[in-house]
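For ligands, and for the atoms within them, numbers begin at 1 and follow the listed sequence. On a predicted model such as this, the values are computed, not experimentally measured, just so you know.
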Amino acid sequence: MQQEVKNYNLIARALHWVSAIVVITMFAVGLWMVDLSYYSEWYRTAPHWHKSIGILFAALTLFRLTWKVVTASPKVEGKAIEKLAAKAVHGMMYLVLFTLFISGYLISTEDGRGIDVFSLFTIPALGALFENQADISGEIHFYAAWALIIMASVHALAAIKHHVIDKDNTLRKMIGVSK
Ligand code: HEM
C-alpha cells in the first residue's frame, strides 16, 4: 500500500515537464523535416536528431512508467466523470507514445539499417517484418502524432480549467506546490 501524497514527486514532475517539451518539439520538427529538400543543410541532420531523441525518449518513458508504478501519486481531483476522463486520457497518452516509438522504429529500420543515436550507439534493425512496412508505419506515426498533440492540448486545457475555474490543486501538484 503506497502512502497518500499531495504532490507528484520531484522526479515524476521533472519527467512530466521534460516529456511535454519533447512531445511538442518532436511534433513540430517532425512536420517540418518531412518537407525538407534534399539540398537543405537539415536534410540529414533533422531526421538524425528526431530519431536519436525518439530512442532516448522511449527509454525515458519506460523509466517514467516504472517510476509511476513504484512511487506514490496524488489523487486525481474533480467530479467522478472528470476523474474517469483524466485517467483515460493519461492512459491513452502513454499508449499513443508507445505507438509512436514502435512505428518510428519500424519506419527507420525496414531497410535493415539500425538507428544511430547521436553517433554514440546503434539500436539494431530487425529489417522488413511485413509488406510495405515503412509506408504503413509512416501513416500510423503521422496519425498517432496528431492524436497525441490533440489529447495533450485537451489535457492542458483541462489542467488550466481546474486551476482557474475550480481553483483546486490539479496543476499545483504537478508543480509541487499543492495547498
Ligand atoms: C504536451 C504533452 C503532455 C503530455 C504527453 C502529458 C502527459 C501527462 C500524463 C501521462 C499525466 C499523468 C501522470 C501520471 O500519473 O503518470 C499527466 C499529468 C498531468 N499533466 Fe500533463 N502532459 C502534457 C502536457 C501538459 C501541460 C502543457 C500541462 C499544463 C498546462 C499539463 C498538466 C498536467 C497536470 C496538472 C497533471 C496532473 C493531473 C492529475 O493528477 O490530476 N500537462 N500529463
Side-chain angles (χ1 to χ4, degrees), residues 1-34 46-47 49-108 117 137-179:
M1 188 64 190
Q2 278 167 350
Q3 89 231 60
E4 290 230 354
V5 290
K6 279 180 146 189
N7 294 302
Y8 284 93
N9 59 64
L10 181 63
I11 307 265
R13 298 198 306 266
L15 288 165
H16 173 269
W17 293 115
V18 168
S19 300
I21 292 166
V22 172
V23 164
I24 295 164
T25 313
M26 288 285 269
F27 180 72
V29 169
L31 286 184
W32 165 71
M33 75 181 195
V34 290
W49 286 14
H50 187 86
K51 288 187 241 179
S52 297
I53 292 171
I55 296 288
L56 297 178
F57 188 40
L60 195 78
T61 307
L62 274 175
F63 173 72
R64 182 177 174 192
L65 272 178
T66 312
W67 188 255
K68 179 178 166 59
V69 173
V70 300
T71 62
S73 298
K75 286 207 168 68
V76 175
E77 290 163 79
K79 298 190 206 100
I81 180 81
E82 286 178 320
K83 289 190 204 169
L84 195 73
K87 286 178 187 170
V89 170
H90 296 165
M92 279 193 294
M93 286 198 285
Y94 281 121
L95 209 68
V96 173
L97 277 170
F98 283 99
T99 306
L100 281 162
F101 302 144
I102 295 167
S103 57
Y105 173 83
L106 293 173
I107 302 169
S108 285
V117 179
S137 307
E139 291 271 300
I140 294 172
H141 200 73
F142 177 80
Y143 289 110
W146 272 105
L148 181 59
I149 280 295
I150 291 168
M151 279 194 282
S153 306
V154 173
H155 163 81
L157 285 175
I160 293 166
K161 176 251 179 202
H162 274 276
H163 191 70
V164 176
I165 298 175
D166 304 335
K167 301 193 189 324
D168 65 17
N169 278 317
T170 298
L171 186 56
R172 281 193 206 101
K173 69 189 170 207
M174 200 39 111
I175 302 170
V177 292
S178 246
K179 284 180 182 160

Short list, please: which atoms of ligand 1 are under 4.0 Å from a heavy atom of [X]?
| X | result |
| --- | --- |
| R64 | 8 (C), 9 (C), 10 (C), 11 (C), 13 (C) |
| Y8 | 15 (O), 37 (C), 39 (C), 40 (O) |
| K173 | 39 (C), 40 (O), 41 (O) |
| T170 | 35 (C), 41 (O) |

4.5 Å side-chain heavy-atom contact, V22 and W17: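 Contact flag for V22/W17 side chains = no.
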Tell me the closest heavy-atom pair linking H50 and G30, and the distance in Å.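 The answer is CE1-CA, 3.9 Å.
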Nearest non-hydrogen partners of L148 and L97, listed with the distance: CD2-CD2, 3.6 Å
Are more than 12 heavy atoms from other residues, nucleotides or ligands located less than 6.0 Å from atom [atom1] of [X]?
| X | atom1 | value |
| --- | --- | --- |
| W146 | CH2 | no |
| K6 | NZ | no |
| Y143 | OH | no |

Is E82 paired with K161 through a side-chain N to carboxylate O contact shorter than 4.0 Å?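 Looking at K161 and E82, the cut-off is met.
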Would you kindly specify which portion of W67 sits under 4.0 Å from ligand 1, judged on non-hydrogen atoms: side chain, backbone, both or neither?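 Neither; nothing of W67 gets under 4.0 Å from ligand 1.
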Worked check of side chain to side chain contact (heavy atoms under 4.5 Å, CB included) between W49 and V29: CA-CA 9 Å; W49 286 14; V29 169; over 6 Å; no
Under-2.8 Å protein N/O/S neighbours of atom 21 (Fe) of ligand 1, ordered by chain then residue number: H16 NE2, H155 NE2
Give the residue and atom name of whichever protein heavy atom lies nearest to [atom], and the separation in Å to one decimal.
| atom | answer |
| --- | --- |
| atom 16 (O) of ligand 1 | Y94 OH, 2.6 Å |
| atom 29 (C) of ligand 1 | W17 CH2, 3.6 Å |
| atom 15 (O) of ligand 1 | K68 NZ, 2.7 Å |

Between K167 and H162, is the side chain to side chain contact (heavy atoms under 4.5 Å, CB included) condition met? List the steps. CA-CA 6 Å; K167 301 193 189 324; H162 274 276; over 6 Å; no
Pair V76-K87, side chain to side chain contact (heavy atoms under 4.5 Å, CB included): steps then yes or no: CA-CA 8 Å; V76 175; K87 286 178 187 170; 4.0 Å; yes
